[in-house]
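Atom set for the values below is all heavy atoms of this structure, side chains included, hydrogens, waters and symmetry mates excluded. Labels below follow one simple rule: chain letters A, B, ... track the order of the sequence lines, proteins then strands, and each chain is numbered from 1.
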2 protein chains.
Amino acid sequence: MDSKIVNLKSKLEIYKAMTDGGNLSDCPVRDVIQGLSGKWSSLLMAALAEQPYRFGELRRLVPDISQRMLTQTLYDLQRDGYVHRKVFPTKPPSVEYSLTDLGRSMFGALQHLLQWAELNHDAVRDARAGFDAAQA
Amino acid sequence: MDSKIVNLKSKLEIYKAMTDGGNLSDCPVRDVIQGLSGKWSSLLMAALAEQPYRFGELRRLVPDISQRMLTQTLYDLQRDGYVHRKVFPTKPPSVEYSLTDLGRSMFGALQHLLQWAELNHDAVRDARAGFDAAQA
DNA sequence: TAGTGCTGGTCTCTTTTTGAGACTGCCAAG
DNA sequence: CTTGGCAGTCTCAAAAAGAGACCAGCACTA
């Protein structure tokens, strides 16, 4: 049931990479993580990891995202090289979004976290409930 | 150099877990991911995975976080059960933050993503630069 | 021929979240 | 007696996100 951790850097080194020796505003690791830490990024990555989707399909698949945020999140994911945007010159034109190789590679890493969330969400729920009860 | 993926669910299943069969606003997986998707959560988790820190130490360690967001992010992480907050009754009282077992477990999963970011940030940078150039 | 709907968005307005920084109370050192 | 460290809170401004109207172009329908 455990997933093996192979060749990971020490925790110390990971943290160092995120502070980048003081050059905080330009730290590349934080820069990359920032792009993934939006509210909708991981959800859309998970959807597109399953299969390519069109704009309207994604909208129906994730009904509680606003059109504005769907547009913008897809734009950001495309800009960072995770998502490919292909326009078909039909009438009206349709647009298909799919993962790039880089996107699939990144999702391979993100997947661990999503998996953890699925396996442990009741522990988090319990912690939250207990904390709120103790505060009251 | 590759890290082995053991016993991961199919991509389809992960996405399904995030949509939870239509029960979107109450989906536990999205709920958990939401708590981690803040701007500072992963950075503070990485710091505390290295060693316990006090409030002021964290503030100096991450100089570009505002005091308000440091307080609030630590509060949220504590509420979700990842972080333990221990008050020492010195004068003035000092407060130490450390990871719980749940927090360490979660960081084990998060670590893959941080590691990926470190290994691939130049690819993302390149993609971004290329995209911006193409837009201009 | 007028109305309806689908395509993938943009625009504006309001609400929420975040950031910057002043302020608190307590105590110890200089 | 002023200064500084401790761990925050409070207020106000700026940025981000959400809600929903609106756009052009074409197909289908009545």
Side-chain angles (χ1 to χ4, degrees), chain A residues 24-27 30-31 33-45 47-48 51-80 83-98 131 134-135, chain B residues 24-27 30-31 33-45 47-48 51-80 83-98 131 134-135:
Chain A
L24 292 162
S25 57
D26 198 28
C27 166
R30 286 175 62 172
D31 197 33
I33 293 297
Q34 207 84 295
L36 276 354
S37 68
K39 183 173 179 182
W40 302 105
S41 312
S42 53
L43 182 55
L44 291 178
M45 286 297 298
L48 294 175
Q51 60 174 262
Y53 281 110
R54 298 221 316 259
F55 186 87
E57 291 175 322
L58 286 172
R59 206 156 82 81
R60 282 185 291 274
L61 213 53
V62 188
D64 58 342
I65 191 175
S66 67
Q67 234 168 346
R68 206 180 69 87
M69 286 315 292
L70 181 55
T71 302
Q72 187 177 314
T73 306
L74 287 171
Y75 182 92
D76 292 344
L77 291 175
Q78 187 196 354
R79 191 170 99 100
D80 284 4
V83 160
H84 177 68
R85 180 177 183 273
K86 185 171 182 184
V87 181
F88 293 92
T90 56
K91 283 171 187 174
S94 63
V95 180
E96 188 190 75
Y97 292 92
S98 56
F131 184 83
Q135 292 304 87
Chain B
L24 293 163
S25 58
D26 197 30
C27 167
R30 285 175 63 172
D31 198 34
I33 294 298
Q34 207 83 297
L36 276 353
S37 68
K39 184 174 178 181
W40 303 104
S41 313
S42 52
L43 182 54
L44 291 178
M45 287 296 299
L48 294 175
Q51 60 174 263
Y53 281 110
R54 299 221 314 261
F55 187 87
E57 291 175 323
L58 286 171
R59 206 155 82 81
R60 283 186 291 275
L61 213 52
V62 188
D64 58 341
I65 191 174
S66 68
Q67 236 167 347
R68 206 181 68 85
M69 284 315 290
L70 180 55
T71 302
Q72 187 177 314
T73 306
L74 287 171
Y75 181 92
D76 292 343
L77 291 175
Q78 187 196 353
R79 192 171 99 98
D80 284 4
V83 161
H84 177 68
R85 180 178 184 270
K86 185 171 182 183
V87 181
F88 294 92
T90 57
K91 285 175 184 169
S94 63
V95 181
E96 188 189 77
Y97 292 92
S98 56
F131 184 82
Q135 290 307 83

Checklist entry - For C:dG9, does either OP1 or OP2 sit under 4.0 Å from a side-chain N or O belonging to A:Tyr97? => result yes
Checklist entry - Does OP1 or OP2 of D:dC6 have a side-chain N or O of B:Arg60 closer than 4.0 Å? => result yes
Item to check | Sugar-phosphate, base or nothing in reach of A:Tyr75, heavy atoms under 4.0 Å | outcome: nothing
Checklist entry - Base, sugar-phosphate alone, or nothing: which one does B:Thr71 contact when heavy atoms must sit under 4.0 Å apart? => result base
Next on the checklist: Salt bridge check, B:Asp64 against A:Arg30: does any charged N sit closer than 4.0 Å to a carboxylate O?
Outcome noted: yes
Write out a two-atom table: protein N or O, nucleotide N or O from nucleotides 16-21 of chain C, distance below 3.5 Å.
from: C:dG19; atom 1: OP1; to: B:Lys39; atom 2: NZ; distance (Å): 2.8
from: C:dG19; atom 1: OP2; to: B:Trp40; atom 2: NE1; distance (Å): 3.2
from: C:dG19; atom 1: N7; to: B:Arg68; atom 2: NE; distance (Å): 3.2
from: C:dG19; atom 1: N7; to: B:Arg68; atom 2: NH2; distance (Å): 3.3

Rounded off to whole Å, could you give me the [atom1]-to-[atom2] distance for the [X] and [N] pair?
X: A:Lys91; N: C:dC6; atom1: NZ; atom2: C1'; value: 16 Å
X: B:Tyr53; N: D:dC6; atom1: OH; atom2: C1'; value: 18 Å
X: A:Leu74; N: D:dA17; atom1: CG; atom2: P; value: 14 Å
X: B:Arg54; N: D:dG8; atom1: CZ; atom2: C1'; value: 14 Å
X: A:Arg59; N: C:dG9; atom1: CZ; atom2: P; value: 11 Å

Item to check | Candidates C:dC27, D:dA7, D:dG25 - which lies nearest the side chain of B:Val95 | outcome: D:dA7
Item to check | Donor-acceptor contact below 3.5 Å, side chain A:Thr71 vs main chain A:Gln67 | outcome: yes
Item to check | Flag, side chain of B:Thr73 to backbone of B:Met69, donor-acceptor distance under 3.5 Å | outcome: yes
Next on the checklist: Is there a side-chain contact between B:Leu77 and B:Met45 in this structure, where contact means two heavy atoms from C-beta onward sitting under 4.5 Å apart?
Outcome noted: yes
Checklist entry - Is any side-chain heavy atom of B:Gln72 less than 4.5 Å from a side-chain heavy atom of B:Asp76? => result yes
Next on the checklist: Using the ring centroid of each side chain, check whether A:Tyr97 and A:Tyr75 are separated by less than 6.0 Å.
Outcome noted: no
